Asks: 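Input: one structure, supplied below.
Here the structure is a predicted model, which means the values were calculated and not measured.
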Amino acid sequence: MKKDYRKNMTGLQYRLILGIFILGFVLGLVLMIMTFDLRSFMTWAFILWEVLFAITIYCWVDEERYSKFEYYGIPVAFGLLFILCALFAAGGLYFALQAVTGEEKSWSDFFGGIAGSACCGMYAYFAWVFYLRPYIKKDRDGKDD
C-alpha cells in the first residue's frame, strides 16, 4: 500500500484530531446513556456511533492499522455517502413532483424539492468523481498512483 496519509502532520495536529475522536466517543456515550432504551432508535444509533468512534480511535493510534483503515475505509464511507445522496436526490425529485401533482399544489415545496435534489445530486457526483472512481480505476489498472 502506498503511504499517502498523514502528510506533514505535526504532533499537535495528531493529538488534536485524536482528542476530537475521544471527545466524540465520550459525547456519544453520554447521549447513549441519556436516551437508553433498547426499543429506541436513538439508542441503537448511539451504539453504532460508539462502535465507529472506538474503531477509529483504535486504528488512529497505530500507523499500520491507520493505513489499512484509510485504504479500505474511504471507499466504503464514500460509497455509502454516494448511495445515500443518490437516494435523497431521487426522493427530492419525487417530493417535488408530489408537491405540484397532489391535491395541494405548493410551488415552494416544488422548488425546495428541486433544490434539495440538486444539492444531494451534486454531493453524490463529487463523491463518485473524486473518491470512488479513482479507487475503481486504480484497482482496474492495477496501479497505485
Side-chain angles (χ1 to χ4, degrees), residues 1-101 106 108-145:
M1 270 181 264
K2 183 179 173 189
K3 183 178 175 181
D4 58 353
Y5 55 91
R6 297 188 194 177
K7 293 180 181 170
N8 301 323
M9 184 178 292
T10 66
L12 176 64
Q13 291 170 331
Y14 174 79
R15 287 190 301 275
L16 282 174
I17 294 170
L18 183 60
I20 289 170
F21 290 152
I22 293 170
L23 181 66
F25 181 82
V26 170
L27 177 65
L29 189 63
V30 167
L31 292 173
M32 183 180 67
I33 291 169
M34 289 173 54
T35 63
F36 192 78
D37 178 16
L38 290 178
R39 294 172 299 198
S40 170
F41 169 76
M42 289 305 293
T43 299
W44 291 104
F46 285 122
I47 288 172
L48 178 64
W49 173 328
E50 291 299 299
V51 168
L52 291 175
F53 269 101
I55 291 171
T56 303
I57 292 168
Y58 175 74
C59 292
W60 188 261
V61 295
D62 181 56
E63 197 167 327
E64 185 177 333
R65 282 191 305 248
Y66 181 75
S67 67
K68 289 179 183 176
F69 176 71
E70 185 177 77
Y71 184 78
Y72 295 114
I74 285 178
V76 169
F78 281 99
L80 291 173
L81 177 70
F82 171 76
I83 291 170
L84 183 68
C85 287
L87 288 174
F88 280 166
L93 288 177
Y94 176 76
F95 179 77
L97 290 175
Q98 287 292 347
V100 293
T101 59
S106 172
S108 64
D109 288 348
F110 173 75
F111 290 121
I114 294 294
S117 180
C119 289
C120 290
M122 177 189 67
Y123 282 122
Y125 175 77
F126 287 141
W128 171 258
V129 169
F130 294 115
Y131 293 101
L132 295 176
R133 192 168 61 183
Y135 270 83
I136 293 170
K137 187 173 190 264
K138 181 172 34 175
D139 289 342
R140 192 176 334 141
D141 295 343
K143 291 186 224 171
D144 200 21
D145 293 329

Asks: Quick one: pull up NZ in Lys137 and CG in Leu132 and give me the separation to the nearest 0.5 Å.
Replies: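 Lys137 atom NZ to Leu132 atom CG measures 15.0 Å (nearest 0.5 Å).
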Asks: Who are the side chain to side chain donor-acceptor pair (under 3.5 Å) partners of Ser106, not counting sequence neighbours?
Replies: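 Side chain to side chain donor-acceptor pair (under 3.5 Å) list for Ser106, sorted by chain: Ser108, Asp109.
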Asks: With sequence neighbours excluded, what pairs up with Leu48 under the side chain to side chain contact (heavy atoms under 4.5 Å, CB included) test?
Replies: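 Checked Leu48 against side chain to side chain contact (heavy atoms under 4.5 Å, CB included); matches are Leu52.
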Asks: Give a yes or no answer on whether the side chain of Thr43 reaches the backbone of Asp37 with a donor-acceptor pair at less than 3.5 Å.
Replies: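 Present.
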Asks: Measure up the Phe21 and Trp60 rings against each other and bin them: parallel (under 30°), tilted (30 to 60°), perpendicular (over 60°).
Replies: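 Rings of Phe21 and Trp60: perpendicular, as their planes differ by over 60°.
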Asks: How close do Tyr71 and Tyr135 get, counting heavy atoms only, and between which atoms?
Replies: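 The pair with the smallest heavy-atom distance is O-CE2, 3.4 Å.
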Asks: How many angstroms lie between CG in Leu23 and CG in Leu18, if you round to the nearest 0.5 Å?
Replies: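 Leu23 CG to Leu18 CG: 11.5 Å, rounded to 0.5 Å.
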Asks: Around Phe88, counting heavy atoms of other residues, nucleotides and ligands shown, do more than 12 lie under 6.0 Å from its CZ?
Replies: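 No, because the 6.0 Å sphere around CZ of Phe88 holds 12 heavy atoms or fewer from other groups.
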Asks: Is the shortest heavy-atom distance from the side chain of Ile136 to the side chain of Arg133 under 4.5 Å?
Replies: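 The answer is no, as the side chains (C-beta and beyond) never meet within the 4.5 Å cut-off.
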Asks: Please round to the nearest 0.5 Å and tell me the distance separating atom CZ of Arg65 and atom CD1 of Ile55.
Replies: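 CD1 of Ile55 is found 12.0 Å from CZ of Arg65.
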Asks: Hey, what do you get for OH (Tyr66) to CD (Glu63), rounding to the nearest 0.5 Å?
Replies: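 These two atoms lie 10.5 Å from each other.
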Asks: Identify the two heavy atoms, one from Pro75 and one from Glu70, that lie closest to each other, and give their separation to 0.1 Å.
Replies: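 For Pro75 and Glu70, the tightest heavy-atom pair comes out as CD-O, 4.4 Å.
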Asks: Between Thr35 and Phe46, what is the shortest heavy-atom contact and its length?
Replies: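 Smallest heavy-atom distance, with atoms named: OG1-CD1, 3.7 Å.
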Asks: Please check if the number of heavy atoms outside Phe69 that lie under 6.0 Å from its CZ is greater than 12.
Replies: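 Atom CZ in Phe69 is packed in, count exceeds 12.
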Asks: Quick one: are Leu84 and Leu80 in side-chain contact, heavy atoms under 4.5 Å?
Replies: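 A side-chain contact is absent here, since even the closest heavy-atom pair is not under 4.5 Å.
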Asks: Could you report the tightest heavy-atom contact between Trp49 and Gly24, atom names first, then the distance?
Replies: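 Reported closest heavy-atom pair: NE1-O, 3.0 Å.
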Asks: Which side-chain N or O atoms in residues 110-129 pair as donor and acceptor under 3.5 Å with protein atoms at least two apart or in another chain?
Replies:
residue: Ser117; atom: OG; partner: Ala89; partner atom: O; Å: 2.7

Asks: Is there a side chain to side chain contact (heavy atoms under 4.5 Å, CB included) between Leu16 and Gln13 once you walk through the steps?
Replies: CA-CA 5 Å; Leu16 282 174; Gln13 291 170 331; 5.7 Å; no
Asks: Does Ile47 reach the side chain of Trp44, with side-chain heavy atoms less than 4.5 Å apart?
Replies: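 The answer is yes; the side chains approach within 4.5 Å.
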